[in-house]
Amino acid sequence: MPELPEVEVVRAGLERHVVGATIAAVEVLHDRPVRRHPTGASGFAAALTGRRIAGARRRGKYLWLPLDDGDAILGHLGMSGQMLVQPTSAPVERHLRVRFALTGTDPRTGQGRELRFVDQRMFGGLSVSVGGAGLPPEIAHIARDPLDPEFDDAAFVARLRTRTSGVKRLLLDQGLISGVGNIYADEALWRARLHGERPGNRLTRAQAVELLGHARAVMNEALAQGGTSFDALYVNVNGESGYFDRSLHAYGREAEPCDRCGTPIRRVAFMNRSSYFCPRCQSAPRSVRATRTGSA
DNA sequence: CATAGATCCTGTATGC
DNA sequence: TGCATACAGGATCTAT
């Protein structure tokens, strides 16, 4: 899915283009993206018709649109979700799942506009969060993200260092730190010269602090470039892609030389996807080396 | 509670 | 050409 930088690009676009608009009509074209909504597709559409969007907020990879009465539309893009603002007359996207007609006309085109939720794989979704304008209760378990001014660096470092899981899995644990996904986890680990299978409790305090700093930095840099894109799936509300994929050092670079030492980048299976790392700069922890050589 | 693995879904790329 | 397999920026549920 889009990770924090990509979701923030979408949030900023929503803030600019749909805040203040009233929802004139809602059409749900597929049930799955509204599966979290208790009253189903018809209830979702009925609940939102006529209501006004008052803001656009984000925590980690979750987005929500506060309504002016204290409720909110809560959304997650999953692996392939998009939020697009389109003229009503724009052709319907192949994977259009939900469309919100907005009142008023676009001053540039003189036409009506729609907010469209497009999602090929449908791991993402939308729901109405009762009383969720401030922070939807459904995502109370999601930690703050490292771009949040109130993120507690010291508390994160302390918790990380009590855990026995590999540090990559911990970076992906949205209850510990949110917003980090597979790409930026690999990039932060490469920058920190740490192997993803090193247990959290075997990091020094300094290593943990440095790793957090790199995670924050890589996401800030990606955000400044409009996010990372490999294909047309990762776009802002205007359908435009970012350029950060040109700056990646590890992710997706199997067999290419490490930008620091020239050793070929390796890819290994991890949680039904892949991890990329430099086997020289990011040396495996003792336990992993022992397992691999059969000498454990 | 912490951990590791399976699962939801559709599309594309690759190999036989 | 058809068919099978692997893989994809994620979260959640499950058993242990």
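Within every chain, numbering begins at 1; the chains are lettered A, B, ... in the order of the sequence lines, protein sequences first and strands thereafter.
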Spacing between A:Arg35 atom CZ and C:dC13 atom C1', to the nearest angstrom: 13 Å

Close side-chain approach of A:Arg169 and A:Phe270, heavy atoms under 4.5 Å: yes

Stacking of A:Phe123 on C:dG10 base (centres under 5.5 Å, planes under 30°): yes

Nearest listed nucleotide, side chain of A:Ile183, among C:dT12, C:dG9, B:dC9: C:dG9

Phosphate OP1/OP2 of B:dC9: any A:Ser80 side-chain N/O under 4.0 Å: no

B:dT3 OP1/OP2 closer than 4.0 Å to side-chain N/O of A:Thr164: yes

Residue mapping more 5' on DNA chain C - nearest nucleotide basis, A:Thr228 or A:Arg169: A:Thr228

From CA spacing to verdict: salt bridge (Lys or Arg N to Asp or Glu O under 4.0 Å), A:Asp186, A:Lys168: CA-CA 8 Å; A:Asp186 279 359; A:Lys168 177 163 178 182; 2.7 Å; yes

4.5 Å side-chain heavy-atom contact, A:Arg59 and A:Trp64: yes

N or O in side chain of A:His95 less than 4.0 angstrom from B:dG11 OP1/OP2: yes

side-chain N/O A:His76 vs C:dA11 OP1/OP2, d < 4.0 Å: yes

Over 12 non-hydrogen atoms of neighbours within 6.0 angstrom of CZ in A:Arg16: no

Phosphate-side-chain proximity, A:Tyr276 and C:dA8, N/O vs OP1/OP2 below 4.0 Å: yes

For C:dT16, the Watson-Crick or wobble partner whose two distances fall under 3.5 Å: B:dA2

Side chain of A:Gln174 - closest among C:dA11, C:dG9, B:dT12: C:dA11

Closest to the A:Tyr62 side chain, choosing from C:dG10, C:dT12, B:dG11: C:dT12

Touch class at under 4.0 angstrom, heavy-atom based, for A:Tyr184 against every strand present: nothing

Side-chain N,O (A:Lys61) to OP1/OP2 (C:dG9) below 4.0 Å: no

Protein-nucleotide distance (A:Arg163, atom CZ; B:dA4, atom C1'), rounded to Å: 12 Å

Pair of N/O donor and acceptor under 3.5 Å linking C:dG9 base with A:Arg121 side chain: no

Touch class at under 4.0 angstrom, heavy-atom based, for A:Arg267 against every strand present: sugar-phosphate

CZ/A:Arg260: more than 12 non-hydrogen atoms of other groups inside 6.0 Å: yes

Integer angstrom distance from the P of C:dT14 to that of B:dC9: 15 Å

Touch class at under 4.0 angstrom, heavy-atom based, for A:Ser165 against every strand present: sugar-phosphate

A:Gln86 and A:Glu93: side chain donor to acceptor below 3.5 Å: yes

Pairwise P distance, B:dA6 and C:dA6 [rounded to whole Å]: 14 Å

d(CD, A:Gln82; C1', B:dT10) in whole Å: 14 Å

B:dG11 OP1/OP2 closer than 4.0 Å to side-chain N/O of A:Arg94: yes

Under 3.5 Å on both distances, the Watson-Crick or G-U partner of C:dA6: B:dT12

Any donor-acceptor N or O pair under 3.5 Å, side chains A:Thr228, A:Asp245: no

Sugar-phosphate only, base, or nothing, as touched by A:His141 at under 4.0 Å among non-hydrogen atoms: sugar-phosphate

Of A:Asn272 and A:Leu170, the one whose closest DNA chain B nucleotide lies more 5': A:Leu170

B:dG11 versus C:dA11 - spacing of their P atoms, nearest Å: 22 Å

Presence of A:Arg273 side-chain N/O under 4.0 Å of C:dG9 phosphate oxygens OP1/OP2: yes

